[in-house]
Protein chains: 2
Amino acid sequence: MTESLKLSSQYCFPLYSAANRVVRAYRPFLKTIDLTYPQYLAMMVLWEEESILVGQLGKRLNLDSGTLTPLLKRLECKQLVSRHRGSEDERERLIKLTSRGRALQPLAEEIPKQVAGCMKLNLDELEQLRQLCRKLLD
Amino acid sequence: MTESLKLSSQYCFPLYSAANRVVRAYRPFLKTIDLTYPQYLAMMVLWEEESILVGQLGKRLNLDSGTLTPLLKRLECKQLVSRHRGSEDERERLIKLTSRGRALQPLAEEIPKQVAGCMKLNLDELEQLRQLCRKLLD
DNA sequence: AAAAAATATATTGTGCACAATATAAATTCA
DNA sequence: TGAATTTATATTGTGCACAATATATTTTTT
């Protein structure tokens, strides 16, 4: 057996597995506000920005239109966002937070703390993990 | 704006994004042997074990039968594995590496090194990242 | 042994994630 | 200005990831 192909030798498998685990950890909390994790990420950006173009949102979340277009349609169905065209450029799609979307924010307020409470890592370790992931993403 | 809901304050978003990035980094290399990343993980276990029950494989990969059953059927279609029943227990599904599956291993040998070469993290940082992810997964 | 409970895997349905491609509008160039 | 190119988003198709549930077999209990 070659060492390099042993599961226990892999660096990326734990990362892949940890990301799955974390999204799963969010699920019960996000269920209370009827959002998936990627939807929650999009809503976080909108709570910050009020409105944003699909392309800009994609840059913030590292997701493309193939992922975002259907996701944003689902948020539109729930009346959390509205989808408009750019005023100058008709190709652009401007996503706006609705009042219903804005009203969701206070209900999400406690979720980060609650999830952190379920984590096996302390704040220091979470910070290290974040730095390493950010460097990987550079 | 509440600090706790800012995207830049999140600990898990970089982890989620980094995992997507890493799977994407593997893709061109895995394409040469016609495997997806989760399929590659399953094959790695089989290269180690030769045969394994679905449940045991799920424990190694942190995946359930809802994910593994269709994945293993696809590997079966490619004739990389065969799917049998347990000899004692008819409920069990025993997955066996085929000769074709075994023949794939040498072609995968160089992939871990190649992917590591694309990474923005050095070996030390990869090791730290792995340790943190493992602790999170405990 | 028959009924009940537990176990292993499969199925169903939803929502990503992404590559590849399509569409349509804007920009650049001839 | 008209054609070619670029840009922004949408569409299509594949394969996860998982919750919820179903099925079938085994084990335990009565």
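Atoms considered below: every heavy atom in the structure, side chains included; atoms not considered: hydrogens, waters and symmetry mates. Per chain, numbering begins at 1; letters A, B, ... match sequence-line order.
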Heteroatom pairs (N/O) under 3.5 angstrom, protein to nucleotides 3-5 of chain D:
none

Check the distance between [N]'s [atom2] and [X]'s [atom1] and give it to me in whole angstrom.
X      : N       : atom1 : atom2 : value
L57(B) : dA17(D) : CG    : P     : 13 Å
D64(B) : dA22(D) : CG    : P     : 17 Å
F13(A) : dA17(D) : CZ    : P     : 11 Å
E88(A) : dT27(C) : CD    : C1'   : 14 Å
L71(B) : dT14(D) : CG    : P     : 16 Å
L41(B) : dG15(D) : CG    : C1'   : 14 Å
R21(B) : dC18(C) : CZ    : C1'   : 13 Å
D34(B) : dT14(D) : CG    : C1'   : 12 Å

Inspect the contact between E92(A) and R85(A) and indicate whether a charged nitrogen and a carboxylate oxygen are less than 4.0 angstrom apart.
no
Counting side-chain heavy atoms from CB outward, which of [options] is closest to [X]?
X      : options                   : answer
E90(A) : dC18(D), dA25(C), dT26(D) : dA25(C)
Q39(B) : dG15(D), dC18(D), dA20(C) : dG15(D)
R24(B) : dA17(C), dG15(D), dA19(C) : dA19(C)
R27(B) : dG15(C), dC16(D), dC18(C) : dC18(C)

Heavy atoms only: give me the nearest R130(A)-Q10(B) pair and the separation to one decimal.
NH1-O, 3.1 Å
Would you say [Y] and [X] are linked by a side-chain donor-acceptor pair, where the criterion is simply a distance under 3.5 Å?
X       : Y       : value
S82(B)  : E76(B)  : no
E127(A) : Q131(A) : yes
T98(A)  : Q79(A)  : no

Please confirm whether the shortest side-chain N or O distance from Y16(B) to OP1 or OP2 of dA17(C) is below 4.0 Å.
yes
Does the side chain of K31(A) get closer than 4.0 angstrom to OP1 or OP2 of dA20(D) through an N or O atom?
yes
Taking the six-membered ring for Trp, are Y40(A) and W47(A) parallel (under 30°), tilted (30 to 60°) or perpendicular (over 60°)?
perpendicular
Quick one: sort the Y37(A) and Y16(B) rings into parallel, tilted or perpendicular, breaks at 30° and 60°.
perpendicular
Give me the distances for all protein-to-nucleotides 8-12 of chain D N/O pairs that come in under 3.5 Å?
from    : atom 1 : to     : atom 2 : distance (Å)
dT9(D)  : OP1    : R93(A) : N      : 3.0
dT9(D)  : OP2    : G55(A) : N      : 2.8
dA10(D) : OP1    : R83(A) : NH2    : 2.9
dA10(D) : OP1    : R93(A) : NE     : 2.6
dA10(D) : OP1    : R93(A) : NH2    : 3.0
dA10(D) : OP2    : T69(A) : OG1    : 2.5
dA10(D) : N7     : S65(A) : OG     : 2.7
dT11(D) : OP2    : K73(A) : NZ     : 2.6

Is T69(A) reaching over with its side chain to a backbone N or O of G66(A), donor-acceptor style, under 3.5 angstrom?
no
How many angstroms lie between atom CD of E49(A) and atom CG of L97(A), to the nearest 0.5 angstrom?
11.0 Å
